[in-house]
Amino acid sequence: MDVLTQFYSQESLLRDLTVLAGILVAGWLVFLVVRRVLVALVRQVSRRTTFAWDDIVVEAGVFGSLALVAPAVVLALGAGILESWGALLSNAANLLLLLAAVGVADRLLTAVLRIYQLRPDSARRPIKGPVQLVKIFVYLMSAVAAIAFVLGKSPWGLLSGIGAFTAVLLLVFRDTILSFVAGMQIVTGDLVRQGDWLEVPAFGADGDV
């Protein structure tokens, strides 16, 4: 009896592993097909328009990252089919959706920066610093959310738990943060332009911007 139970248990495990492998392969194939078809279709549409911003969005890879939604849907459906691995597949689907959102946000911000740089006044009022700051914030929040998914806890609980650690980081990088804020004020207030002459007598420094 024990031998039969062990045999059926091993057979069930082998069957589940086979189905799991099939789901993973199906998700990968769907991702490749959707990415290739979606990007190609959007690129063809963008080439027929007279706008420049849609070409920049396509070249930035926004729709390539959006294709990660397809395998996430496959994994979510597979979680309902393979109940023994349902929790793992659901977590993997959530992580893929999170990765897709982060990728889209990152590449969309890159596209916004490139579109803004087409403006004639972009050299006087650069926004590269604020865009990079937003990207850092997006990556930090996505990392917290990913850890919360893996641990099965609320992201808000993790954020409250790292509050003290954040305060320590603010103290350690105080000078860097102040320099960054000062640079932002200079840029947004248009206080210094290219070609201006600056003098800092206290340090015996002067020169052109």
Side-chain angles (χ1 to χ4, degrees), residues 5-49 51-115 131-159 162:
T5 302
Q6 184 177 4
F7 173 76
Y8 284 116
S9 178
Q10 292 178 351
E11 184 180 5
S12 177
L13 178 61
L14 181 61
R15 183 176 62 252
D16 289 347
L17 291 176
T18 303
V19 175
L20 178 62
I23 293 173
L24 295 178
V25 172
W28 176 251
L29 292 177
V30 167
F31 168 71
L32 293 179
V33 172
V34 170
R35 183 175 183 177
R36 182 178 296 273
V37 173
L38 179 63
V39 173
L41 180 62
V42 173
R43 183 176 284 112
Q44 290 180 0
V45 173
S46 65
R47 288 176 178 174
R48 296 179 180 179
T49 63
F51 303 103
W53 61 266
D54 54 351
D55 296 323
I56 295 176
V57 171
V58 174
E59 294 301 326
V62 174
F63 295 95
S65 297
L66 193 61
L68 285 173
V69 176
V73 173
V74 174
L75 293 181
L77 294 176
I81 298 175
L82 193 60
E83 297 181 356
S84 57
W85 296 82
L88 178 62
L89 291 175
S90 297
N91 289 334
N94 291 332
L95 289 176
L96 277 179
L97 289 176
L98 179 62
L99 186 61
V102 173
V104 169
D106 178 49
R107 287 161 175 76
L108 192 58
L109 287 171
T110 301
V112 169
L113 178 60
R114 294 179 182 175
I115 294 172
V131 169
Q132 290 179 341
L133 182 63
V134 174
K135 284 185 177 183
I136 292 174
F137 177 78
V138 169
Y139 278 110
L140 288 177
M141 292 299 100
S142 62
V144 172
I147 295 174
F149 279 136
V150 174
L151 298 180
K153 297 183 179 180
S154 172
W156 305 112
L158 293 178
L159 286 175
I162 63 176

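Atom set for the values below is all heavy atoms of this structure, side chains included, hydrogens, waters and symmetry mates excluded. The chain is numbered in sequence order, starting from 1.
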Find the distance between CG (L68) and CG (L98) and round it off to the nearest 0.5 Å. 11.0 Å
Nearest heavy-atom pair of I56 and I115: which atoms, and what distance? CD1-CG1, 3.8 Å
Please report the shortest heavy-atom distance between V34 and A70, naming the atom on each side. CG2-CB, 3.8 Å
Applying side-chain hydrogen bond (donor to acceptor under 3.5 Å, both in side chains), which residue pairs with at least one partner in residues 22-41 are found, sequence neighbours left out? none
Please tabulate, one pair per line, all N/O donor-acceptor pairs under 3.5 Å involving side-chain atoms of residues 132-140, not counting sequence neighbours.
| unit_1 | atom_1 | unit_2 | atom_2 | d |
| --- | --- | --- | --- | --- |
| K135 | NZ | D106 | OD1 | 3.3 |
| K135 | NZ | T110 | OG1 | 2.7 |
| Y139 | OH | D106 | OD2 | 3.2 |

Scanning both residues in full, the closest heavy-atom pair of A93 with A72 reads CB-O, 3.4 Å
CG-CD1 distance between L77 and I23, expressed to the nearest 0.5 angstrom: 9.0 Å
Would you check if L24 and L75 make a side-chain contact, meaning some heavy-atom pair closer than 4.5 Å? yes
Which heavy-atom pair separates A111 from A60 by the least distance, and what is that distance? CB-CB, 4.0 Å
What is the minimum heavy-atom distance between P71 and G27, and which atoms define it? CB-O, 3.4 Å
